[in-house]
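Notes follow the structure.
If you read the sequence from its start, that first residue is 1, and numbering goes on from there. As the structure lists them, so they are numbered: ligands from 1, and atoms in each ligand from 1.
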Amino acid sequence: MTLKEKNVLVTGGSRGIGAAIAFEFAKKGANIALNYAGSQQAAEDTKKAIEEEGVTCRIYQADVSELTQVEEMVKAIESEMGQIDILVNNAGITRDSLFMRMKESDWDDVIATNLKGVYNCSKSIIRAMIKQKSGKIINITSVVGLSGNIGQANYSASKAGVIGLTKSLALELASRNIQVNAVAPGYIETSMTDSIPDSLKEEMIKKIPAGKIGRPEDIANAVVFLASDEANYITGQVLSVNGGMYL
Ligand code: NAP
């Protein structure tokens, strides 16, 4: 599989799963537009590692929940790197609490980043993809968008929303040679899951048939496959990468 000369925008690419996705694309020869919100040093470190693969990597600061910032970022990428062939909507946040205690701002922030962010990025790029007569969009949802989870009503709703958006866009864009799919990670070792207490982590691992936590690279491999020509007839799907945690 080669993705040589393809331009890929990865949102939330500074660290965690997004950084692993960007790195895996670079290994396949793709050029990377790396978006981040606040972690500039992490974005620069990831850029350096990516460039060692001999591809171009540029970093773009923008808050995906803000349409005007996203539009400006997309314009800058197109003028500096050329057309965007692949969009990976990966940026995401959690603001966990039981629903009874969930503040309106925790609800709004999570929906704005995780769901509206996917709208903003897709909306800003889709017209160009239609003109190009090709494109791939891969959205990072979550196992809890399928199963629900205690303490994550906002996050689960945002990720279930991403699945509905993925399927609807896939239907609207299939005839334009644009494939839209989602990857649903299970429990993956990143800073998002670092804060979970060890005792709770052990309980969670017991519920994973594979008997272990996933790595960011496990998600990256699935994303790169869906972005490849080998997946040209796959659209509107949710690929679970969760060690059997939820079937
Ligand atoms: P992470 O380590 O916390 O990284 C999140 C990334 O998103 C960072 O690069 C962050 O950039 C970026 N980001 C956050 N808000 C943003 C915004 N408004 N605009 C642009 N970028 C923003 O999280 P992760 O674990 O890698 O998660 C990546 C994706 O996988 C998320 O969508 C998450 O919901 C999903 N997921 C993760 C797991 C898991 O177990 N880890 C499971 C299922 C799904 P800055 O650092 O610059 O702010």
Would you mind writing out the side-chain donor-acceptor pairs for residues 205-212 within the sub-3.5 Å range, not counting sequence neighbours?
residue : atom : partner : partner atom : Å
Lys206  : NZ   : Glu203  : OE2          : 3.1

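- In terms of polar-atom proximity, Tyr155 is counted as a contact of ligand 1, with an N or O under 3.5 Å from an N or O of the ligand.
- Between Thr141 and ligand 1 there is a heavy-atom distance shorter than 4.0 Å.
- In this structure, of Ser191, Ser195, Gly38, the residue bringing a heavy atom nearest to atom 48 (O) of ligand 1 is Gly38.
- Looking at Val64 next to ligand 1, an N or O pair under 3.5 Å apart turns up.
- With atom 5 (C) of ligand 1 as the reference point, the heavy atom nearest to it among Gly214, Gly16, Gly92 is part of Gly92.
- Using a 4.0 angstrom heavy-atom cutoff, Ala43 does not count as in contact with ligand 1.
- Across Gly186, Pro216, Ala42, Ser142, heavy-atom proximity to atom 42 (C) of ligand 1 is greatest for Gly186.
- Heavy atoms from other residues, nucleotides or ligands lying under 6.0 Å from CD of Glu104 number 12 at most.
- For atom 18 (N) of ligand 1, the nearest protein heavy atom (residue, atom name, distance) is Asp63 OD1, 2.8 Å.
- With sequence neighbours left out, the salt bridge (charged side-chain N to carboxylate O under 4.0 Å, His left out) criterion links Lys6 to no other residue.
- A donor-acceptor pair under 3.5 Å is formed between the side chain of Asn221 and the backbone N or O of Glu217.
- Atom 41 (N) of ligand 1 has its nearest heavy-atom neighbour, among Asp194, Thr190, Asn89, in Thr190.
- Distances from atom 20 (C) of ligand 1 to the heavy atoms of Thr113, Thr11, Asn35 put Asn35 nearest.
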